[in-house]
There are 2 protein chains.
Amino acid sequence: MNPLIHELFQKYRFLKQEVNHTLKEFNLFASQWSVLYCIQKHNEMTLTQIWKYLNVEAPTITRTVNRLAELGWIEISSGKDRREKIVKLSEHALQQFPVINEAMKEFEERVLNGLSKEEELLLFELLQKVK
Amino acid sequence: MNPLIHELFQKYRFLKQEVNHTLKEFNLFASQWSVLYCIQKHNEMTLTQIWKYLNVEAPTITRTVNRLAELGWIEISSGKDRREKIVKLSEHALQQFPVINEAMKEFEERVLNGLSKEEELLLFELLQKVK
DNA sequence: AACATATATTTAGTTAGCTAAGTAATTTGG
DNA sequence: CCAAATTACTTAGCTAACTAAATATATGTT
């Protein structure tokens with residue numbers, strides 16, 4: 001296997017684990033946070049908007065959203081089209097959001113500590129060229 | 001979520017899926033290929049050597065190795081230390097290996113087509129700085 | 001109006017990572 | 001020499017991704 005791809009896979013596993021550790025005190029997992037984060041950013045979203053935004057398949061989002069609703073992080077309602085579901089953050093989530101976001105920022109700064117701002121941008125641009 | 005980390009996660013999912021599509025005709029999955037690849041490289045390995053090399057946890061390798069043995073890709077024997085298991089490629093795997101490797105090389109060249117050799121190296125080095 | 005097609009979500013089943021906890025064999029220290 | 005610690009691997013249960021196929025609603029065509 002190409003060492004570049006191998007390295008990317010390794011870093012993914014490492015980062016995902018670090019995110020999970022960071023979120024553990026809030027009883028959240030990495031993928032749950034991804035969903036909360038993008039809902040917060042867009043205020044409210046349909047399931048389809050979420051999975052298209054995050055680039056995962058629909059069933060993955062169905063399950064994560066249901067779990068998040070069970071746990072009280074989000075509220076699900078139906079739009080005028082009775083097929084679609086609209087999702088937004090609960091009061092509890094809105095309150096907790098800034099604290100969790102802060103913890104995540106600390107984690108991000110920590111793992112990206114070895115890179116300058118220029119290198120971060122460069123890494124981002126190089127990653128985008130992989131396709 | 002930091003856009004850089006978000007992008008890395010997205011590329012991971014994309015690449016893993018592409019690897020799985022590439023390997024589908026051989027009835028293999030990405031992680032199974034990782035294991036076969038590193039066994040081939042080292043000729044034979046214990047389970048511990050495999051999970052340390054691939055940077056995953058032991059139970060992951062136990063399961064993948066057992067599945068690969070079931071599927072006839074590898075053979076498991078025991079070394080002089082009765083705790084450890086030694087794993088090597090089967091005849092079938094040795095025969096198929098070059099063909100699969102070729103398909104993987106084509107895939108790697110395709111997804112890295114947008115990067116020059118210098119950029120590839122740079123991306124690799126920048127990824128290593130994430131920790 | 002009826003039927004086909006498209007869209008939104010769900011269900012079922014698979015691989016693959018993790019942690020926690022367990023068994024069995026080996027090594028080590030008093 | 002034997003109890004304690006370590007090592008190698010396994011089992012069980014969780015999250016998280018995927019695919020394939022089902023269900024329900026909406027839309028479009030004849």
Query raised in the report: Toward the 5' end of DNA chain D, which comes first, A/Asp81 or A/Val56, by nearest nucleotide?
Result: A/Val56

Query raised in the report: Does a side-chain N or O from A/Gln49 land closer than 4.0 Å to OP1 or OP2 of C/dA8, or not?
Result: no

Query raised in the report: In whole Å, what is the span from the CG atom of B/Asn66 to the P atom of D/dT11?
Result: 8 Å

Query raised in the report: Between B/Thr48 and D/dC9, is there a side-chain N or O to OP1/OP2 distance below 4.0 Å?
Result: yes

Requested in this report: Just compare D/dA20, D/dC9, D/dA16 and give me whichever is closest to any side-chain atom of B/Thr62.
Outcome: D/dC9

Report task. When you get a sec, tell me which of D/dA8, C/dT10, C/dG17 is the closest nucleotide to the side chain of B/Ser31? Result -> C/dG17

Query raised in the report: Which residue lies toward the 5' end of DNA chain C, B/Thr60 or A/Ala58, if each is placed at its nearest nucleotide?
Result: A/Ala58

Query raised in the report: To the nearest angstrom, how far is B/Asn55 atom CG from C/dC18 atom C1'?
Result: 14 Å

**Report entry** Sugar-phosphate only, base, or nothing, as touched by B/Arg63 at under 4.0 Å among non-hydrogen atoms
**Finding:** base

Query raised in the report: Choosing from D/dC9, C/dC18, D/dA17, which nucleotide comes nearest the side chain of B/Arg13?
Result: D/dA17

Query raised in the report: Backbone N or O of A/Thr62 within a donor-acceptor pair of the A/Asn66 side chain at under 3.5 Å?
Result: yes

Requested in this report: In whole angstrom, give the distance that lies between atom NZ of A/Lys16 and atom P of C/dC18.
Outcome: 9 Å

Requested in this report: Find out whether A/Ser78 and A/Lys85 are in side-chain contact, i.e. whether some heavy atom of one side chain is under 4.5 Å from a heavy atom of the other.
Outcome: no

Report task. Mind calculating the distance between CG (A/Leu36) and P (D/dA16) to the nearest angstrom? Result -> 11 Å

Query raised in the report: Rounding to a whole Å, what distance do you find between A/Arg82:CZ and C/dT10:P?
Result: 15 Å

Requested in this report: Would you classify A/Lys52 as touching base, sugar-phosphate or nothing, given that sugar-phosphate means primed atoms plus P, OP1 and OP2, and contacts are heavy atoms under 4.0 Å?
Outcome: nothing

Query - Under 3.5 Å: donor-acceptor pair, side chain of B/Asn2, backbone of A/Glu108 - result: no

Report summary line: Comparing nearest nucleotides in DNA chain D, the 5'-proximal residue of the pair A/Glu57, A/Lys80 is A/Glu57

Query raised in the report: If you check every side-chain atom of A/Arg83, which of C/dA16, C/dA6, D/dA12 has the closest atom?
Result: C/dA6

Query - Side-chain donor or acceptor of A/Thr64 paired with backbone N/O of A/Thr60 under 3.5 Å - result: yes

Query raised in the report: Side chain of A/Thr46: nearest nucleotide among C/dT15, C/dT9, C/dC18?
Result: C/dT9

Query raised in the report: Do you know which of B/Glu18, B/Lys24, B/Lys16 makes side chain to side chain contact (heavy atoms under 4.5 Å, CB included) with B/Asn20?
Result: B/Lys16

Query raised in the report: Out of C/dA25, D/dT25, D/dT15, which nucleotide sits closest to the side chain of A/Phe29?
Result: D/dT15

Query raised in the report: Under 4.0 angstrom, heavy atoms only, what part of the nucleic acid is A/Glu84 near: base, sugar-phosphate, or nothing?
Result: sugar-phosphate

Query raised in the report: B/Gln32 has an atom CD; how far is it from atom P of C/dT15, in whole Å?
Result: 7 Å

Query raised in the report: Roughly, in whole Å, what's the span from CG in B/Leu54 to C1' in C/dT15?
Result: 16 Å

Requested in this report: Check the distance between D/dT15's P and B/Phe9's CZ and give it to me in whole angstrom.
Outcome: 18 Å

